[in-house]
Amino acid sequence: MKPEKPIIEQISKPKNAADNGDEGALAADSAPLVPDQPFDVPWHAEVFALAVHLSEAGHFGWQDWASRFGKNLAAASSIKAGGLNGGNDYYQIMLETLIGLMKEKDIVDPELLSALELQWREAYITTPHGEPVNLRA
Amino acid sequence: MPHDHHDEAHAHALLPSEPALRVKALETILTRKGLIDPAAVDAIIDLYEHKIGPRIGAGLVARAWVDPGFKAQLVNNTDGILSDLGFGGRQGEHIVVVENTPDCHNLVVCTLCSCYPWPVLGVPPAWYKSDAYRSRAVREPRTVLVEFGVIIPPEQSIRVWDSTAEIRYLVLPMQPTESYGLDEAALAGWVHRNCMIGTGLPSAPRTAASGHD
């Protein structure tokens, strides 16, 4: 497939970087030659993998996913001062988008989800350090 | 450091963050309903943490630099060649290669969310997903590139490509003249992730130990 037209084409002279106003440097330290970790914390990887797995299993199409996720990102960025930083906030919105989809499909019951969150918390608090954490039957 | 204090502080398992507990709750429901295979979820994580990353894209770029026939295939039949090499898209997306030239520099963004050529670059860095990049790459690409340390001469135009769920873009950077004569394996070390997004230019590996991404 060949590309369509680019969204913009700039031929004008470069602007001075100092013209950025208060937006600040985007990436003075954001272009590492050595890559950052693909995921900062395990739950970022887990929610990403869940979304990919559920889509591949046919529970939703990726275009539908991108559309919903994009809308939620836009809504969140409009109310967060300074905008989203693409880190924890991004994955939290990914998680809520996934939960929202699962609720719509009557797969996830919000009350059960909340109850299980509390059960997992309790399991961590009551499991001695070093032992595997499991939900009580 | 008093060791018993350490033991006291971690008498129970470390409590994950709120969203981490929420993910666990969600996984529990999905597993109980038989909708997910935990082993398959783990395999996806392992794939993106350890097996797929910018080195795949760097290898393609380096090969394109030394093999004109491969380059023609990569640019003109991207999906076909990537599929042949085992780098096909998981979501049925198409990957389009956009080639930098002395007249045109290409820059990739996803204004909607973070669509990205996963099969050849892995998961995107945080800055690619940030509001700042997603909005400013379109509005003021030259300024954004300056902040990445990339100065595009006035006579070179900049094309900004907006990735979607269906089409993901990969930039084929120009080979630096200083690298002429190197073999494919050495050239791959000149190609780091940002080159293939358009926010960087190929450069010599810093050290044998660190290399590029």
Side-chain angles (χ1 to χ4, degrees), chain A residues 1 3 6-11 13-15 17 19-20 23 25-28 30-31 33-36 38-39 43 45-47 49-50 52-56 62-63 66 69-70 73 77 83-87 90 92 95 99 107-108 112-113 116-117 120-121 124-129 133 135, chain B residues 10-13 15-16 19-26 28-29 36 40-41 44-45 48-49 54 90-91 94 96 98 112-113 115 122-123 125-127 129-133 136 138 140-144 146-148 152 154 157-162 165 192-194 199-200 206 210 212-213:
Chain A
M1 174 174 286
I7 52 173
I8 66 162
E9 186 156 347
Q10 274 214 350
I11 309 181
K13 289 184 177 180
K15 288 172 65 179
D19 290 343
N20 291 341
E23 289 185 287
L26 173 68
S30 303
L33 294 178
V34 176
D36 29 18
F39 303 103
W43 75 263
E46 288 161 12
V47 70
L50 280 176
V52 170
H53 184 51
L54 286 165
S55 175
E56 289 181 351
W62 202 254
Q63 287 183 46
F69 188 31
L73 285 169
S77 67
L84 305 176
N85 63 22
Y90 172 89
Q92 280 193 313
L95 173 59
I99 289 173
I107 290 172
V108 167
L112 177 60
L113 186 72
L116 283 167
E117 279 183 66
W120 272 111
R121 170 183 290 277
Y124 273 92
I125 290 173
T126 57
T127 301
H129 183 58
V133 181
L135 284 186
Chain B
H10 299 289
H12 59 73
L15 187 62
L21 290 169
R22 200 158 164 78
V23 172
K24 287 200 162 294
L26 177 62
T28 302
I29 292 174
I36 61 168
V41 174
I44 292 170
I45 294 172
Y48 286 100
E49 282 194 327
R90 297 177 70 117
Q91 275 73 43
H94 301 284
V96 169
V98 287
L112 177 66
C113 49
C115 298
V123 293
W127 59 258
K129 299 174 286 192
S130 70
D131 279 352
Y133 181 75
R136 294 183 52 218
V138 174
E140 45 179 359
R142 286 185 189 273
T143 304
V144 167
V146 167
E147 292 174 26
F148 276 92
I152 300 299
S157 65
I158 298 175
R159 286 180 178 161
V160 180
W161 301 92
D162 194 0
H192 54 93
R193 180 193 60 211
N194 291 5
T199 54
R206 276 182 178 169
S210 63
H212 286 317
D213 56 4

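A note on names: the letters A, B, ... follow the listed sequences, proteins ahead of strands, and every chain is numbered from 1.
Scanning both residues, B:Pro19 and A:Leu95, for their nearest heavy atoms gives O-CD2, 3.7 Å. Taking every heavy atom of both residues into account, B:Lys24 and A:Trp120 meet most closely at O-NE1, 3.4 Å. Here the shortest heavy-atom pairing between B:Ala40 and A:His53 reads CB-CE1, 3.5 Å. Across all their heavy atoms, B:Ile45 and A:Ala45 have their closest contact at CG1-O, 3.7 Å.
For A:Glu46, the parts sitting under 4.5 Å from any heavy atom of chain B are the backbone and the side chain alike. Residue contact with chain B, scored on non-hydrogen atoms closer than 4.5 Å, involves the side chain of A:Leu54 exclusively. Using a 4.5 Å cut-off between heavy atoms, B:Val41 contacts chain A through both its backbone and its side chain. Both the backbone and the side chain of A:Gln63 come within contact range of chain B, with heavy atoms under 4.5 Å apart.
Side-chain N or O atoms of A:Asn85 include none that pairs as donor or acceptor with a backbone N or O of B:Ser130 at under 3.5 Å.
You'll find the side chain of A:Tyr124 reaches within 4.5 Å of the side chain of B:Pro16, heavy atoms only.
When B:Ala25, B:Gly200, B:Cys115 are compared by the number of non-hydrogen pairs under 4.5 Å with chain A, B:Ala25 comes out ahead. Annotation: maximal heavy-atom pairing with chain B below 4.5 Å, among A:Val133, A:Val108, A:Val52, occurs at A:Val52.
Atoms CD1 and CG, from B:Ile29 and A:Leu112 in turn, are 4.0 Å apart once rounded to the nearest 0.5 Å. The structure places CG of A:Leu116 at 10.0 Å from CG of B:Leu26, a figure rounded to the nearest 0.5 Å.
Residues satisfying the side chain to side chain contact (heavy atoms under 4.5 Å, CB included) test with A:Ile125, not counting sequence neighbours, are A:Arg121, B:Leu15.
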